[in-house]
Asks: 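Let me give you the structure first, and then I'll get to my questions.
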Number of protein chains: 2
Amino acid sequence: MRVYLDNNATTKIDPLVKVKMQPFFEDLYGNPNSLHQYGMDVRPALNVALGEMYDALRVPDADDILITSCATESNNAVLKGIFFKYILKNPEKNHIVTTSVEHPSVLDTLLYLSDFGVDVTYVDVDENGAISAEAMKAAVTDKTILISMMWANNETGMIFPVEEVSAFAKEKGILFHTDAVQAIGKLPIDLTKTNVDYLTFSAHKFHGPKGIGGLCVKKGKSLPNLLHGGEQMGGKRAGTLNVAYIVGMGLAMKQTVNHVQMMNTYVRKLRDKLEDAIMQIPDTIVVGPREMRTPNTILISLRGVEGESMLWDLNKAGIAASTGSACASESLEANPVMSAIGEDPELAHTAMRLSLSRFTTEEEVDYTIDVFTKAAERLRSISSTYAYTNEVA
Amino acid sequence: MRVYLDNNATTKIDPLVKVKMQPFFEDLYGNPNSLHQYGMDVRPALNVALGEMYDALRVPDADDILITSCATESNNAVLKGIFFKYILKNPEKNHIVTTSVEHPSVLDTLLYLSDFGVDVTYVDVDENGAISAEAMKAAVTDKTILISMMWANNETGMIFPVEEVSAFAKEKGILFHTDAVQAIGKLPIDLTKTNVDYLTFSAHKFHGPKGIGGLCVKKGKSLPNLLHGGEQMGGKRAGTLNVAYIVGMGLAMKQTVNHVQMMNTYVRKLRDKLEDAIMQIPDTIVVGPREMRTPNTILISLRGVEGESMLWDLNKAGIAASTGSACASESLEANPVMSAIGEDPELAHTAMRLSLSRFTTEEEVDYTIDVFTKAAERLRSISSTYAYTNEVA
């Protein structure tokens, strides 16, 4: 049996999406910017796809949806756009507020820009992995130009107070960006009802292809291009359009948003079943209250069990999980969210993430419970730290 | 009959490439940065694809090939990387030499950066659309940090003196970038034998998918990321890898380079046949000597015939051609290369580009000759400017 429980890293392509993309790898290969029939042939499907995205996130017609190659590009476009448009021209307004648990594409970009005069405040999470709206507000100064805060955390699934902080930002005349990569399809998102100026998304997190994403930009809040060049996307993001993937992303987003309720009933129930079973194992911590998390995510720490070792035992049994963000997986460092939470450093090395999708089945969850429980026993039986801890306890 | 003669805008996907990508839209959906089996399953194919690219362009093992989302991204990465690494830190070296006929992703990026202290010299083409190596060298000053020159022009097919100018750049300690998008598969490229520091390529110009490209970076010449974030591509280009398209691009590049000889025999012969037939039409100009052009391209001007009108007549007969770069097609401005060549402004409005591929057949060329010749007669018969010109002549 193979069980994929790493859906916060990437997801299986919805079979309908795959079928929908096929013609664009065959006869429908025209460049949509070309004036001839081959170009015209592909435009209706592009328009449909963009319409699906506007509908799915309830983006006002006046706003832009820029198609990018990934969430990383979208996040870089916002932060570097702010740098070029505002900070480089007026260093008096050089302050950005963010959280210490953003995706590397936010944190590394800000770290890079801080060499060029950008001043960043990183607001920490509490012991639940939560971000306090009050702490975000308190970090703002009269030099603040932007607040960037993810909508839901990739590792814990914790939902951050985007509505409240974006309303505050608007009131103060501060721009507001959210990386919503982990929120789409899990929470209802309605951009007619928020004060978000920039919203990042990525298709491969919701059963679309890898290598395509987007950025919603509020009317009047355009930034300089990250990619200058041709007149694609109204001149706001150059580069020949990846027609197949845009068409795929439109359908994938429509499908995933149509399944938000299923995510919050069927998937949530499976996740809770899995979590309840794991919590039966002694000395186990799950980060964050369930009701504050996206319905598909569990970040667990089993005292005395290295995350890597558990990953390996699960993997041998055909189960895919992770110790944290795939984007940082090559470094094998302590889980950064666990470190931010400030738990015992040992716990950071024992963190494991299980993330489900609407394609996860109950049979897969039952199998995982069985494998996981046995693996925990086995690994603790050979763990010197766990035995030692128990003896002194 | 449908005939696609707009291969410099984009190309049909090689059917072998399409087949090769399929598994990555199905079961092989793991994130290659993940440590579990789903991640491991996709890595061998990625390694094969990168190996195909290193082999195809004869990139030295010590150099980097960074995968990007398109040539536009690669060109932006070089120019903005130079800006951040050198010019922003040392405004004394703020000069870039380029040509006036680069792709918009170079020209628009430089135009944007010139607002932030970058000084650019644009070297013009001569009446053949050629760039003189001497003129490029003469444009260099002691403030020059970079020369950026395309390898072959997208509109005329004219091949630019990359070897000579890059050797000069190396001698002077100046960095050298080439946008080789139109050269790959048309000229043999061997990066072990050039002094190119940065080379841009794009899969959809050589029968790969749209939305994937790359940048070769000479050892020791790394630039700051355009996309900061995760540790993909050795930390030099963040963003989850588009596995399907990378695999497709590897095979497409291998295939296209394996067909360089066919391009220079079979395709060249078809192109010459088409060109010879068109030159039989009176008052026709083809830009650039054949032997100085890529073997698949013709840029023609028929006095008295609007490029748009000819495009429309061809299109009605099922033939796809263009009036110039698709990346600028929405503007309907005069063809920029024709303008740069400095011909009669009328000629710029009469420019038409025909670009073949290895999938073009002789039957298609014969049909095009027939349609094109009749369309030229018809359009001239209703052209007031052509009749007028003939009367006064």
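Heavy-atom basis, side chains included; hydrogens, waters and symmetry copies ignored. First the proteins, then the strands, lettered A, B, ... as listed; each starts at 1.
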Asks: Sequence neighbours left out, what passes salt bridge (Lys or Arg N to Asp or Glu O under 4.0 Å) with A:K12? Give chain and number order.
Replies: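 Once residues adjacent in sequence are excluded, A:K12 has no partner under the salt bridge (Lys or Arg N to Asp or Glu O under 4.0 Å) criterion.
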Asks: Pick whichever of A:I319, A:L110, A:L226 has the most heavy-atom pairs under 4.5 Å with chain B.
Replies: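 The option with the most such pairs is A:L226.
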Asks: With a 4.5 angstrom heavy-atom cut-off, which part of A:K316 approaches chain B: side chain, backbone, both or neither?
Replies: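 Looking at A:K316, nothing touches chain B.
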Asks: Report yes if the side chains of A:Y367 and A:V3 come closer than 4.5 Å at any heavy-atom pair, otherwise no.
Replies: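 Counting from C-beta outward, A:Y367 and A:V3 do come under 4.5 Å.
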Asks: Taking every heavy-atom pair that is under 4.5 Å apart, which of A:L227, A:I13, A:T10 has the most such pairs with chain B?
Replies: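 Among A:L227, A:I13, A:T10, the one with the most close pairs to chain B is A:L227.
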Asks: I want to know whether A:F83 and B:F84 have ring centres closer than 6.0 Å.
Replies: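 Ring-ring flag for A:F83/B:F84: true, centres closer than 6.0 Å.
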Asks: Non-hydrogen atoms of chain B under 4.5 Å away: do they reach the side chain of A:F116, the backbone, both or neither?
Replies: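 Side chain only.
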Asks: In terms of heavy-atom pairs under 4.5 Å with chain B, which of A:Q22, A:M21, A:M40 leads?
Replies: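 Going by pairs under 4.5 Å, I would pick A:Q22.
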Asks: Can you list the steps and then say if B:D6 with A:N31 is a side chain to side chain contact (heavy atoms under 4.5 Å, CB included)?
Replies: CA-CA 9 Å; B:D6 198 13; A:N31 185 327; over 6 Å; no
Asks: Between A:D108 and chain B, which part of the residue has a heavy atom less than 4.5 Å away: side chain, backbone, both or neither?
Replies: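 For A:D108, the contact with chain B is made by backbone and side chain together.
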Asks: Examine whether an atom of A:A321 lies under 4.5 Å from a heavy atom of chain B, and if so say whether it belongs to the side chain, the backbone or both; otherwise answer neither.
Replies: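 For A:A321, the contact with chain B is made by the backbone alone.
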Asks: Check whether the side chains of B:E364 and B:T360 place a donor and an acceptor atom closer than 3.5 Å, and report yes or no.
Replies: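 Checked: B:E364/B:T360 side chains show no N/O donor-acceptor pair below 3.5 Å.
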Asks: Given a strict heavy-atom distance threshold of 4.5 Å, which part of A:T11 is in contact with chain B: side chain, backbone, both, or neither?
Replies: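 Contact with chain B involves the backbone of A:T11 alone.
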Asks: Return a table of donor-acceptor pairs under 3.5 angstrom between the side chains of residues 241-252 of chain A and protein atoms on other chains or two or more places apart.
Replies:
from	atom 1	to	atom 2	distance (Å)
A:N242	OD1	A:Y245	N	3.4
A:N242	OD1	B:Y245	OH	2.8
A:N242	ND2	B:K210	O	3.4
A:Y245	OH	B:N242	OD1	2.8

